[in-house]
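Just so it is clear, the structure is predicted and the values come from calculations on it, not from any experiment.
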Amino acid sequence: MNLPIPLVVLITILCLAGIGLYCLLITRNLIKVVIALQLIVKGAVLAFILAGNMTGQLNLAQSMALTVIVADTIVAVVGLALAVQIRLKTGSLDIKSLSSLKR
Amino acid sequence: MTSNFLFSSLLLLPFLAAPIVYMLGRSTARNGNVLGISLTRALTVFFLLVEGCLLYLVVKQALSSGGTYLLIGDEPLVFDGIGLILACVVLFLGLMVTLFSIDYMSNEKGEEKFYALLLATIGSIIGLGMSYDLFNLWLWFEAMAISTYLLVAFYNDEPPSLEAGVKYLVQSAVGSALVMFGIAMMFSQTGSTTLTDLWQMTSSEAPLAKIAGVLLIVGFGVKTALVPLHTWLPDAHSQAPSGISAMLSGVVIEAGLVAMLRAISMFGKVDFNWGAILIGFGCLNILVGNLMALRQTQVKRLLAYSSLAHVGYMLLGFGFGMAFGRFEGAAGGFFHLLTHSMMKGLAFLAAGSLLFTLHLSKQEHVPLTLDDLNGASRKYPVAAFALGLAVLGLGGIPPMAGFMSKWQVLVAGVKAENTLMLIVVIFAALNSILSLGYYAPLVNRMYRHEPSTAVEQGNKMPGLMIIPLVILSIAIVVIGIWPSSVQFLTEQAGLSLLYTFFY
């Protein structure tokens with residue numbers, strides 16, 4: 001089987017986003033939630049590169065991808081910092097234990 | 001080049017000021033230096049005032065030269081009506097919140113972080129209003145989101161705050177990932193992310209443009225709290241420090257709305273009724289916000305749900321503007337954005353001042369319940385008056401600003417001359433009366449009930465906390481009696497929005 005490369009990349013993007021969303025829905029561990037977010041965003045980074053490749057604007061696409069990586073790393077850092085605090089204060093990383101706020 | 005210099009310093013100043021404020025506070029607070037921390041507070045106020053002066057100079061320059069236009073690399077930043085109204089609103093409310101927080105945050109550890117992050121939030125919202133490029137818009141949006149994640153979870157010893165922070169972070173991050181997919185889709189079609197290029201290059205029959213538009217609406221909609229995506233909002237608003245609740249409700253969700261409108265405005269050519277989507281979400285937001293607010297027992301959660309309803313009124317205004325080309329609708333939406341930021345800001349600050357005197361100043365981290373408010377007017381007349389004025393204004397009682405802006409939105413709907421829109425307008429007006437069902441009991445409790453034990457044991461209210469309450473109350477009444485005083489702001493913004501959408 002001989003698939004064209006853009007199609008392979010497209011399938012990879014969809015898989016990454018799909019796995020990330022599925023993981024976000026089923027997981028209960030806070031660290032895994034952060035990993036799931038990272039998976040979705042990695043799909044988006046690949047999508048930028050693919051878009052740049054399709055339109056011949058690779059330079060612009062690469063600079064966007066790098067910016068996205070930086071911004072997303074900060075989000076991951078903040079998420080993990082919150083996870084550390086939650087582990088210290090409640091003794092658990094389970095998001096089901098975080099349900100004091102209802103309605 | 002002077003205009004470019006002024007304009008770039010307007011965008012850069014908050015980001016230069018934030019580390020200065022942080023480092024000054026950090027180096028002095030460790031030694032318990034009282035002078036250092038007061039200098040930090042004064043410096044924050046000073047930077048905000050300088051930012052206001054810069055804004056005034058940029059406006060003057062723009063008026064004399066007919067629009068400033070600035071390029072940083074390939075990413076254009078434009079100073080137009082939308083950017084101006086957002087910058088005015090965020091600077092005014094930011095200054096009030098800073099003045100309010102001087103006493104409110106004085107018992108907390110890490111006070112310098114609060115001011116630095118507040119400056120960063122204000123700076124990124126100013127930039128968001130002026131960016132004219134889809135990717136740049138996302139970048140400012142993300143900068144705003146990151147600084148607010150940290151502010152929502154500011155009480156990092158309290159599990160409820162951390163919970164609210166995590167909910168907010170996860171939902172917002174998924175939203176911004178969806179926005180990224182939308183941007184990549186548009187980029188793959190046109191090879192550019194500038195809004196003007198995208199407007200010209202999308203044809204009316206582009207299926208991918210519709211998908212991208214929906215992704216952008218849903219992604220920015222998480223921050224705007226469109227109804228199925230609103231679950232983070234009441235938690236974040238009620239758990240954040242009160243000044244930040246005022247910022248979140250007053251400008252941050254509106255900044256998400258402005259980002260969404262900017263993004264939609266490039267799909268003007270696409271054969272799809274974007275205005276109808278906004279009107280639909282608007283009705284849903286008004287209904288769900290009001291019904292959920294009716295059953296709340298905590299003051300800050302009640303106010304948070306009423307934010308949902310008010311975002312609905314703004315969406316209705318912008319929807320009338322986009323679906324029927326009604327200029328009054330778009331201007332009314334921006335007018336409601338402005339008045340809502342003041343009224344909801346005042347409501348949160350007044351509730352926060354009561355929360356501070358009744359609970360926080362005694363080192364108790366408990367929410368302010370409705371029962372705590374009973375008889376508050378006897379001991380805290382200014383705070384009770386401000387809260388009463390704000391909630392009656394939100395409910396749309398005539399002498400306050402809320403009546404004027406709701407009126408303008410609804411009149412635009414009637415002028416659309418469409419039976420369905422007439423039903424929408426009647427629905428919104430009836431909901432405005434329904435909302436009095438939870439605003440009026442607040443006033444009743446404060447003025448007609450016997451004082452609760454919490455009020456009787458409450459501490460004295462600090463004098464500096466009262467100043468922003470008084471200023472905001474005066475502003476609300478003045479705008480309500482004399483709405484043409486802000487007309488130049490709202491009309492410019494409405495014109496800018498419809499201009500980018502239709503031409």
Worksheet item: For the residue pair S188(B) and T55(A), what are the closest heavy atoms and their distance?
Response: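 Scanning both residues completely, I find the closest heavy atoms to be O-CG2, 3.2 Å.
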Discussion item. If you compare all heavy atoms of P159(B) against all heavy atoms of T90(A), which two are closest, and at what distance to 0.1 Å?
Written reply: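 Distance-wise, the nearest heavy atoms are CB-CG2, 4.0 Å.
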If you round to the nearest 0.5 Å, how far is [atom2] of [Y] from [atom1] of [X]?
X: Q85(A); Y: N156(B); atom1: CD; atom2: CG; answer: 4.5 Å
X: L24(A); Y: Q171(B); atom1: CG; atom2: CD; answer: 9.5 Å
X: M64(A); Y: T193(B); atom1: CE; atom2: OG1; answer: 3.5 Å

At a 4.5 Å cut-off on heavy atoms, which part of [X] comes close to chain B: side chain, backbone, both, or neither?
X: V78(A); result: both
X: L30(A); result: side chain
X: A83(A); result: neither

Among the listed options [options], the residue most often paired with chain A at heavy-atom distances under 4.5 Å:
options: T190(B), L139(B), D157(B), I183(B); answer: D157(B)
options: Q189(B), M185(B), E158(B), M180(B); answer: M180(B)
options: L150(B), L162(B), V166(B); answer: L162(B)

Worksheet item: Parallel under 30°, tilted from 30 to 60°, perpendicular over 60°: which one fits the rings of F187(B) and F48(A)?
Response: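 It falls in the tilted class, 30° to 60°.
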Output a table of donor-acceptor pairs, distance under 3.5 Å, between side-chain atoms of residues 38-45 of chain A and any protein atom two or more places apart or on a different chain; print 'none' if there are none.
unit_1, atom_1, unit_2, atom_2, d
Q38(A), OE1, K42(A), NZ, 3.0
Q38(A), NE2, D72(A), OD2, 2.7

Practice prompt. Let me know if L178(B) has heavy atoms under 4.5 Å from chain A in its side chain, its backbone, both or neither.
Written response: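 Neither part.
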Discussion item. Report which part of I146(B) has an atom under 4.5 Å of a heavy atom belonging to chain A: side chain, backbone, both, or neither.
Written reply: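 For I146(B), the side chain is the part near chain A, not the backbone.
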Item to complete: For N285(B), check side chain to side chain donor-acceptor pair (under 3.5 Å) against everything at least two apart and list the hits.
Response: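 None.
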Worksheet item: With a 4.5 Å limit on heavy-atom distance, are the side chains of L169(B) and L37(A) in contact?
Response: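 Yes, their side chains come closer than 4.5 Å.
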Discussion item. If we check side-chain contact (heavy atoms from CB on, under 4.5 Å) with E142(B), which of these qualifies: T67(A), V75(A), V68(A), V70(A)?
Written reply: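 The single option meeting the side-chain contact (heavy atoms from CB on, under 4.5 Å) with E142(B) is V75(A).
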Discussion item. Using a 6.0 Å cut-off, check whether atom OH of Y22(A) has over 12 heavy atoms from anything other than its own residue.
Written reply: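 No - once you tally the heavy atoms of other residues, nucleotides and ligands closer than 6.0 Å, there are 12 at most.
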Worksheet item: Is the count of non-hydrogen atoms from other residues, nucleotides or ligands lying under 6.0 Å from I5(A) atom CD1 greater than 12?
Response: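 Not more than 12 within 6.0 Å, no.
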